[in-house]
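To start, the structure itself, in structure tokens.
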There are 2 protein chains.
Amino acid sequence: MENDALLRLDNQLCFVLYACSRGLTKTYRPLLAKLDITYPQYLVMLILWEKDGVSIKALGEKLYLDSGTLTPLLKRLETAGLVERRRSSTDERVVQIYLAQKGVDLKKKAYAVPETLLCRSGLTVDQFIGLKTELTALLERIRAFDAATSSCLPEQE
Amino acid sequence: MENDALLRLDNQLCFVLYACSRGLTKTYRPLLAKLDITYPQYLVMLILWEKDGVSIKALGEKLYLDSGTLTPLLKRLETAGLVERRRSSTDERVVQIYLAQKGVDLKKKAYAVPETLLCRSGLTVDQFIGLKTELTALLERIRAFDAATSSCLPEQE
DNA sequence: ACAACATGTATTGTGCGCAATTTAATTTTG
DNA sequence: CAAAATTAAATTGCGCACAATACATGTTGT
């Protein structure tokens, strides 16, 4: 047969990424439970704490998520009283997301989250930055391929 | 205020991991569509191609997934004719998963998948191994913390 | 032997992700 | 300016993840 090594689970970089991502989300979960939000909701809040009134499209471009994911997520954040959804007055198609007072206030409690995570990762700041840099580069290469829908190896039909 | 930099999205290692994991899964999707399976289903098949007759519990330990995820996933693989689910004769609690003939045959078509992925990652084999090693170490530290349910920083109530 | 406990799987319910389609508003074009 | 094309959200449907619970089978201690 051909080379089975590439098919072996413990050789798969993608599986480690997948497991790492879920593992980190699991670490976040009890911390974010104190804020009554999930990890994807936390990511949205991070963006809004930087800049208010962002459109759903802009949120999607930052998080690589589409309206099918964001629309219900934002409705839950609105129900929770953290944000408000308002149609833009200049373009009725776009929905802009604004922090409600409760959402503004939540930022104070959020400071402890990334501090705890950095600590639990067991990484030095340099390792942390190095790993992030490598993964960002990988992400960009992957996304470039995905966007192009081009193939790398001939896709044996 | 405190240090806002840690709260900024582009400083978050976890987000890059989350985005990378989803990006790679997206790259897998069209390749696996040719095999009519999803990425988590592919992971199960990888294990079965190495060793047949694995229990659901053993699958869960390798993939860090529980029966709530695996039971319906395996039923879909069974419906697709790729595997069979049989209760162990020595312990009626245990369900063992066996490759059906169609599942055995699928392995041939699967060889192209990791080759394409390695290529598209744009990584040399050394970079690939280095990154995997770092992430594996991170995963183990994270999982150790998750398992202990211990805290790193005092969890401000 | 049998009650208490442990174990492996299944079920229920919630929240993502994402493809595909729909709807409404805006822009572009002939 | 009206028809066609584009764009932003929403909707629908399916498959994970995962907490919590239920249930059946095994094991242990007395």
Side-chain angles (χ1 to χ4, degrees), chain A residues 15 18-30 32-33 36-44 53-80 85-97 143 146-147 149, chain B residues 15 18-30 32-33 36-45 53-61 63-80 85-97 143 146-147 149:
Chain A
F15 171 68
Y18 160 81
C20 246
S21 175
R22 287 195 294 124
L24 277 172
T25 302
K26 185 175 181 179
T27 307
Y28 270 107
R29 197 167 297 121
L32 295 177
D36 279 308
I37 54 177
T38 65
Y39 181 66
Q41 290 167 13
Y42 172 66
L43 294 178
V44 168
V54 176
S55 72
I56 293 183
K57 178 179 168 57
L59 285 173
E61 284 169 353
K62 284 181 188 295
L63 299 176
Y64 314 121
L65 293 171
D66 69 6
S67 66
T69 300
L70 288 172
T71 294
L73 185 155
L74 292 166
K75 284 183 178 175
R76 283 186 286 270
L77 284 181
E78 187 174 45
T79 301
R85 291 148 22 89
R86 293 206 296 275
R87 291 271 168 189
S88 163
S89 52
T90 61
D91 187 338
E92 283 286 330
R93 289 172 304 183
V94 322
V95 171
Q96 293 174 297
I97 311 298
R143 286 190 58 79
D146 287 348
T149 330
Chain B
F15 172 68
Y18 160 82
C20 246
S21 175
R22 286 193 296 123
L24 276 172
T25 303
K26 185 175 180 178
T27 307
Y28 270 106
R29 198 167 299 120
L32 294 178
D36 280 308
I37 55 177
T38 65
Y39 181 67
Q41 290 167 13
Y42 172 67
L43 294 177
V44 168
M45 295 304 291
V54 175
S55 72
I56 292 184
K57 178 178 169 56
L59 285 174
E61 284 169 353
L63 300 176
Y64 314 121
L65 292 171
D66 69 5
S67 68
T69 301
L70 288 172
T71 295
L73 185 155
L74 292 166
K75 285 182 178 175
R76 282 187 286 270
L77 284 180
E78 187 173 46
T79 302
R85 292 152 15 93
R86 293 205 295 274
R87 291 271 168 190
S88 162
S89 52
T90 60
D91 187 338
E92 283 287 327
R93 291 173 302 183
V94 175
V95 172
Q96 292 175 298
I97 311 298
R143 286 190 57 79
D146 288 348
T149 331

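Proteins come first, then strands; the chains are lettered A, B, ... in the order of their sequence lines, and each starts at number 1. Treat the numbers as computed from the prediction; the structure is a model and nothing was measured.
Comparing B:Ile56 and A:Asp66 by the nucleotide of DNA chain C that holds the closest heavy atom to each, the one mapping nearer the 5' end is B:Ile56. Both B:Thr69 and A:Gly68 lie close to DNA chain C; mapped to their nearest nucleotides by heavy-atom distance, the more 5′-ward contact belongs to B:Thr69.
Nearest to the side chain of A:Val94, among C:dA19, D:dA8, C:dT9, sits D:dA8. Taking the side chain of B:Arg29 as heavy atoms from C-beta on, and the options C:dA19, D:dC16, C:dA10, the nearest nucleotide is C:dA19. If you check C:dA19, D:dT11, C:dT9 against the side chain of B:Thr71, the one that comes closest is C:dT9. Of the candidates C:dT26, D:dC16, C:dG15, D:dC16 carries the atom nearest the B:Thr38 side chain, counting heavy atoms from C-beta on. Of the candidate nucleotides C:dT26, C:dC16, C:dT9, C:dT9 has the atom nearest to the side chain of B:Val95.
Across all strands, B:Ser55 comes closer than 4.0 Å only to sugar-phosphate atoms, never to a base (heavy-atom distances). Residue A:Leu70 is out of contact with every strand shown, counting any heavy-atom pair closer than 4.0 Å.
Here the P atom of nucleotide C:dG8 and the CZ atom of B:Arg85 are 17 Å apart, to the nearest Å. For the pair A:Leu73 CG and C:dC16 P, the interatomic distance rounds to 4 Å; values are reported in whole Å. Atom CD of A:Glu92 and atom P of C:dT27 are 12 Å apart (whole Å). Straight-line distance from the CD atom of B:Gln41 to the C1' atom of D:dG15: 8 Å, rounded to whole Å.
One donor-acceptor pair, N or O on each side, does fall under 3.5 Å between the base of D:dA10 and the side chain of A:Ser67.
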